Undergrad: 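Below is the structure I would like to discuss, written out as C-alpha coordinates.
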Amino acid sequence: STMGCCDNLSPERKHSVCRKMLCTGVFLSVALIIMLGVLIVKPAIYGHAFKPTTCTVVSADYSDPVDCSCGRYCYTQFACLVIKVTYADKKNATETGMLHEDEGELDQWGQCSYHTCSSSSELNAEAVQRFENNYGQVGETYSCFYNPNNENEVLLRKDYDNMTIFHVMFWPSLLLVVLIAITCVICAKYKCWLDDDSPPSNYNRFGVPA
(Lines give C-alpha, C1' and ligand atoms only; values in the text may rest on other atoms or scores of the structure.)
Protein backbone atom coordinates (compact mmCIF):
# COMPACT_ATOMS: atom_id res chain seq x y z
CA SER A 1 0.00 0.00 0.00
CA THR A 2 1.03 3.62 -0.32
CA MET A 3 3.30 4.82 2.47
CA GLY A 4 2.01 7.76 4.47
CA CYS A 5 3.48 10.03 7.14
CA CYS A 6 1.61 8.14 9.86
CA ASP A 7 2.67 4.63 8.82
CA ASN A 8 4.91 4.15 11.86
CA LEU A 9 2.05 4.92 14.26
CA SER A 10 -0.44 2.45 15.64
CA PRO A 11 -4.07 2.74 14.54
CA GLU A 12 -4.99 4.03 17.98
CA ARG A 13 -2.27 6.69 17.80
CA LYS A 14 -3.32 7.73 14.30
CA HIS A 15 -6.88 8.13 15.47
CA SER A 16 -5.71 10.12 18.49
CA VAL A 17 -3.68 12.51 16.30
CA CYS A 18 -6.62 13.24 14.01
CA ARG A 19 -9.00 13.58 16.91
CA LYS A 20 -6.71 16.14 18.57
CA MET A 21 -6.37 18.09 15.30
CA LEU A 22 -10.13 18.14 14.84
CA CYS A 23 -10.87 19.03 18.46
CA THR A 24 -8.30 21.85 18.44
CA GLY A 25 -9.78 23.39 15.30
CA VAL A 26 -13.33 23.08 16.61
CA PHE A 27 -12.37 24.51 20.00
CA LEU A 28 -10.61 27.56 18.51
CA SER A 29 -13.47 28.29 16.13
CA VAL A 30 -16.17 27.89 18.76
CA ALA A 31 -14.16 30.03 21.21
CA LEU A 32 -13.92 32.75 18.55
CA ILE A 33 -17.67 32.58 17.87
CA ILE A 34 -18.46 32.82 21.58
CA MET A 35 -16.05 35.71 22.12
CA LEU A 36 -17.42 37.70 19.19
CA GLY A 37 -20.94 36.83 20.27
CA VAL A 38 -20.36 38.27 23.73
CA LEU A 39 -18.39 41.34 22.62
CA ILE A 40 -20.33 42.30 19.47
CA VAL A 41 -23.47 40.29 18.73
CA LYS A 42 -24.97 40.57 22.22
CA PRO A 43 -24.73 44.40 22.44
CA ALA A 44 -25.66 44.71 18.74
CA ILE A 45 -28.91 42.78 19.21
CA TYR A 46 -29.67 44.75 22.38
CA GLY A 47 -29.01 48.02 20.54
CA HIS A 48 -31.64 47.23 17.89
CA ALA A 49 -34.36 48.36 20.31
CA PHE A 50 -32.98 51.90 20.60
CA LYS A 51 -34.88 54.63 18.75
CA PRO A 52 -33.53 57.94 17.40
CA THR A 53 -34.26 61.18 19.19
CA THR A 54 -32.57 64.47 20.18
CA CYS A 55 -30.75 64.80 23.47
CA THR A 56 -30.12 67.87 25.61
CA VAL A 57 -27.38 67.74 28.24
CA VAL A 58 -28.58 68.60 31.76
CA SER A 59 -25.51 67.61 33.80
CA ALA A 60 -21.99 66.17 33.63
CA ASP A 61 -20.50 64.82 36.84
CA TYR A 62 -17.85 62.37 37.95
CA SER A 63 -18.25 59.30 40.14
CA ASP A 64 -15.47 57.15 41.63
CA PRO A 65 -12.63 56.19 39.25
CA VAL A 66 -12.99 52.80 37.58
CA ASP A 67 -10.25 50.14 37.44
CA CYS A 68 -9.54 48.44 34.11
CA SER A 69 -6.98 46.13 32.54
CA CYS A 70 -4.81 47.68 29.81
CA GLY A 71 -3.01 44.45 28.91
CA ARG A 72 -1.08 41.64 30.51
CA TYR A 73 0.09 42.70 33.98
CA CYS A 74 -1.17 46.20 33.20
CA TYR A 75 -3.85 47.88 35.31
CA THR A 76 -4.99 51.46 35.32
CA GLN A 77 -7.92 53.72 36.13
CA PHE A 78 -10.06 56.21 34.28
CA ALA A 79 -12.35 58.93 35.55
CA CYS A 80 -16.00 57.84 35.44
CA LEU A 81 -17.86 60.61 33.63
CA VAL A 82 -21.66 60.53 34.01
CA ILE A 83 -23.57 62.65 31.50
CA LYS A 84 -27.30 63.06 32.03
CA VAL A 85 -29.53 64.10 29.13
CA THR A 86 -33.19 64.76 28.49
CA TYR A 87 -35.00 63.59 25.37
CA ALA A 88 -38.49 63.16 23.93
CA ASP A 89 -39.74 59.60 23.62
CA LYS A 90 -42.19 58.26 21.01
CA LYS A 91 -45.12 59.65 23.04
CA ASN A 92 -43.39 63.05 23.05
CA ALA A 93 -42.91 62.83 26.80
CA THR A 94 -39.69 64.22 28.24
CA GLU A 95 -37.44 61.61 29.84
CA THR A 96 -34.06 61.79 31.54
CA GLY A 97 -31.36 59.22 30.89
CA MET A 98 -27.64 58.55 31.12
CA LEU A 99 -25.61 58.93 27.93
CA HIS A 100 -23.31 56.13 26.73
CA GLU A 101 -20.99 56.30 23.75
CA ASP A 102 -22.33 53.15 22.00
CA GLU A 103 -23.76 49.65 22.54
CA GLY A 104 -20.43 48.17 23.58
CA GLU A 105 -19.82 50.88 26.18
CA LEU A 106 -23.29 50.34 27.65
CA ASP A 107 -22.79 46.58 27.81
CA GLN A 108 -19.27 46.59 29.27
CA TRP A 109 -19.08 49.88 31.18
CA GLY A 110 -22.68 50.76 32.02
CA GLN A 111 -21.74 52.85 35.07
CA CYS A 112 -19.93 55.48 32.96
CA SER A 113 -20.73 57.53 29.87
CA TYR A 114 -17.28 56.96 28.38
CA HIS A 115 -14.55 54.36 28.77
CA THR A 116 -10.85 54.58 28.01
CA CYS A 117 -8.12 52.24 29.24
CA SER A 118 -4.67 53.38 28.16
CA SER A 119 -1.70 52.46 30.33
CA SER A 120 -1.13 56.20 30.77
CA SER A 121 -3.41 57.85 33.33
CA GLU A 122 -2.68 61.20 31.70
CA LEU A 123 -3.97 59.96 28.33
CA ASN A 124 -7.04 58.53 30.03
CA ALA A 125 -7.77 61.85 31.71
CA GLU A 126 -7.32 63.71 28.41
CA ALA A 127 -9.65 61.31 26.55
CA VAL A 128 -12.41 61.62 29.17
CA GLN A 129 -12.03 65.41 29.23
CA ARG A 130 -12.24 65.52 25.42
CA PHE A 131 -15.47 63.49 25.48
CA GLU A 132 -16.92 65.81 28.12
CA ASN A 133 -15.98 68.86 26.08
CA ASN A 134 -17.68 67.42 22.99
CA TYR A 135 -20.81 65.89 24.52
CA GLY A 136 -21.07 66.99 28.15
CA GLN A 137 -21.70 70.72 27.98
CA VAL A 138 -24.93 71.65 29.78
CA GLY A 139 -27.55 72.88 27.32
CA GLU A 140 -25.85 71.22 24.31
CA THR A 141 -28.12 69.26 21.97
CA TYR A 142 -27.30 66.45 19.52
CA SER A 143 -28.80 63.35 17.92
CA CYS A 144 -28.93 60.23 20.09
CA PHE A 145 -30.83 56.97 20.65
CA TYR A 146 -32.98 55.94 23.60
CA ASN A 147 -34.22 52.60 24.87
CA PRO A 148 -38.05 52.46 24.94
CA ASN A 149 -37.79 49.64 27.49
CA ASN A 150 -35.47 51.51 29.84
CA GLU A 151 -35.67 55.30 29.78
CA ASN A 152 -32.34 55.65 31.60
CA GLU A 153 -30.34 54.11 28.70
CA VAL A 154 -29.26 56.53 25.97
CA LEU A 155 -26.66 55.99 23.23
CA LEU A 156 -24.67 58.64 21.41
CA ARG A 157 -24.46 56.35 18.39
CA LYS A 158 -25.20 52.79 17.27
CA ASP A 159 -22.13 51.08 15.82
CA TYR A 160 -23.62 47.71 14.87
CA ASP A 161 -26.17 46.83 12.20
CA ASN A 162 -27.55 43.61 10.70
CA MET A 163 -24.60 43.24 8.31
CA THR A 164 -22.18 43.49 11.22
CA ILE A 165 -23.96 40.65 13.00
CA PHE A 166 -23.96 38.59 9.78
CA HIS A 167 -20.22 39.00 9.15
CA VAL A 168 -19.32 38.38 12.80
CA MET A 169 -21.18 35.06 12.82
CA PHE A 170 -20.67 33.93 9.20
CA TRP A 171 -16.88 34.07 8.88
CA PRO A 172 -16.01 32.22 12.12
CA SER A 173 -18.65 29.61 11.23
CA LEU A 174 -17.12 29.25 7.77
CA LEU A 175 -13.69 28.90 9.38
CA LEU A 176 -15.06 26.12 11.56
CA VAL A 177 -16.35 24.21 8.52
CA VAL A 178 -13.09 24.71 6.61
CA LEU A 179 -10.98 23.50 9.54
CA ILE A 180 -13.08 20.36 9.88
CA ALA A 181 -12.84 19.72 6.13
CA ILE A 182 -9.06 20.26 6.06
CA THR A 183 -8.59 17.93 9.02
CA CYS A 184 -10.65 15.21 7.34
CA VAL A 185 -8.70 15.60 4.08
CA ILE A 186 -5.33 15.41 5.86
CA CYS A 187 -6.39 12.37 7.84
CA ALA A 188 -7.70 10.64 4.73
CA LYS A 189 -4.61 11.52 2.65
CA TYR A 190 -2.11 10.26 5.20
CA LYS A 191 -4.26 7.36 6.43
CA CYS A 192 -4.45 8.65 9.96
CA TRP A 193 -7.81 6.99 10.51
CA LEU A 194 -6.65 3.46 9.78
CA ASP A 195 -4.07 1.80 7.54
CA ASP A 196 -5.26 -0.53 4.80
CA ASP A 197 -2.94 -3.18 6.29
CA SER A 198 -4.45 -2.98 9.77
CA PRO A 199 -6.42 -6.04 10.86
CA PRO A 200 -10.12 -5.33 10.17
CA SER A 201 -11.12 -7.66 12.99
CA ASN A 202 -9.43 -5.49 15.65
CA TYR A 203 -10.16 -1.90 14.56
CA ASN A 204 -12.93 -0.14 12.69
CA ARG A 205 -12.21 2.39 9.93
CA PHE A 206 -11.78 5.18 12.48
CA GLY A 207 -8.98 3.43 14.34
CA VAL A 208 -11.21 2.61 17.30
CA PRO A 209 -11.00 -0.93 18.70
CA ALA A 210 -13.90 -2.96 17.36
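In this text, all values refer to a predicted model and were calculated from it rather than measured experimentally.
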Undergrad: Given Val138 and Lys84, is the side chain to side chain contact (heavy atoms under 4.5 Å, CB included) satisfied, shown in steps?
TA: CA-CA 9 Å; Val138 175; Lys84 293 287 187 176; over 6 Å; no
Undergrad: When the ring centroid of Tyr114 is compared with that of Phe131, is the distance short of 6.0 Å?
TA: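 Yes, they do, as the ring centres are separated by less than 6.0 Å.
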Undergrad: Keeping Thr53 on the side-chain end and Tyr87 on the backbone end, is there a donor-acceptor pair under 3.5 Å?
TA: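 Checked: no pair found.
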Undergrad: Do side-chain atoms of Lys90 reach the backbone of Pro148 as a donor and acceptor pair under 3.5 angstrom?
TA: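 No; zero donor-acceptor contacts below 3.5 Å.
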Undergrad: Working to the nearest 0.5 angstrom, can you tell me the gap between Arg157 CZ and Ser143 OG?
TA: 13.5 Å
Undergrad: I'd like to know if the side chain of Asn124 reaches the main chain of Ala79, judged simply by a donor and an acceptor atom lying under 3.5 Å from each other, with no hydrogens or angles considered.
TA: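 Not a single qualifying donor-acceptor pair exists.
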Undergrad: Which residues pass the side-chain hydrogen bond (donor to acceptor under 3.5 Å, both in side chains) test with Tyr142, sequence neighbours left out?
TA: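 Expected list: none.
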Undergrad: Which pair of heavy atoms, one from Cys70 and one from Tyr75, lies closest together, and at what distance?
TA: SG-N, 3.7 Å
Undergrad: Quick one: does any side-chain atom of His100 pair with a main-chain N or O of Cys112 as donor and acceptor, under 3.5 Å?
TA: yes
Undergrad: Give a yes or no on whether Leu106 and Phe78 share a hydrophobic cluster (residues Ile, Leu, Val, Met, Phe, Trp, Tyr; joining criterion: side-chain heavy atoms under 4.5 Å apart).
TA: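 Different clusters.
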Undergrad: Under a 4.5 Å side-chain heavy-atom rule over Ile, Leu, Val, Met, Phe, Trp and Tyr, are Tyr62 and Ile83 clustered together?
TA: yes
Undergrad: Between Thr76 and Cys117 (side chain of the first, backbone of the second, donor and acceptor by atom type, cut-off under 3.5 Å), is there such a pair?
TA: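 Absent.
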Undergrad: Are Leu99 and Leu81 linked, directly or through other ILVMFWY residues, by side chains that come within less than 4.5 angstrom of each other?
TA: yes
Undergrad: Got Met98 and Ser113 here, is their nearest side-chain heavy-atom distance under 4.5 Å?
TA: yes
Undergrad: Taking Glu101 for its side chain and Leu155 for its backbone only, find out whether a donor-acceptor pair lies under 3.5 Å.
TA: no
Undergrad: Report yes if some heavy atom in the side chain of Asp89 is under 4.5 Å from a heavy atom in the side chain of Glu151; otherwise report no.
TA: no
Undergrad: Trp109 vs His115 aromatic rings, parallel, tilted or perpendicular, using cut-offs 30° and 60°?
TA: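 Answer is parallel, since the angle falls under 30°.
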Undergrad: Roughly how far, to the nearest 0.5 Å, is the CZ atom of Phe50 from the SG atom of Cys144?
TA: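 So the gap between those two atoms works out to 10.5 Å.
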Undergrad: Heavy atoms only: give me the nearest Val82-Gln111 pair and the separation to one decimal.
TA: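 Closest approach of Val82 to Gln111, heavy atoms only: CG2-O, 3.8 Å.
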Undergrad: Just jot down the side-chain hydrogen bond (donor to acceptor under 3.5 Å, both in side chains) partners of Asn133, sequence neighbours excluded, or say none.
TA: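 Residues passing side-chain hydrogen bond (donor to acceptor under 3.5 Å, both in side chains) with Asn133: Gln129.
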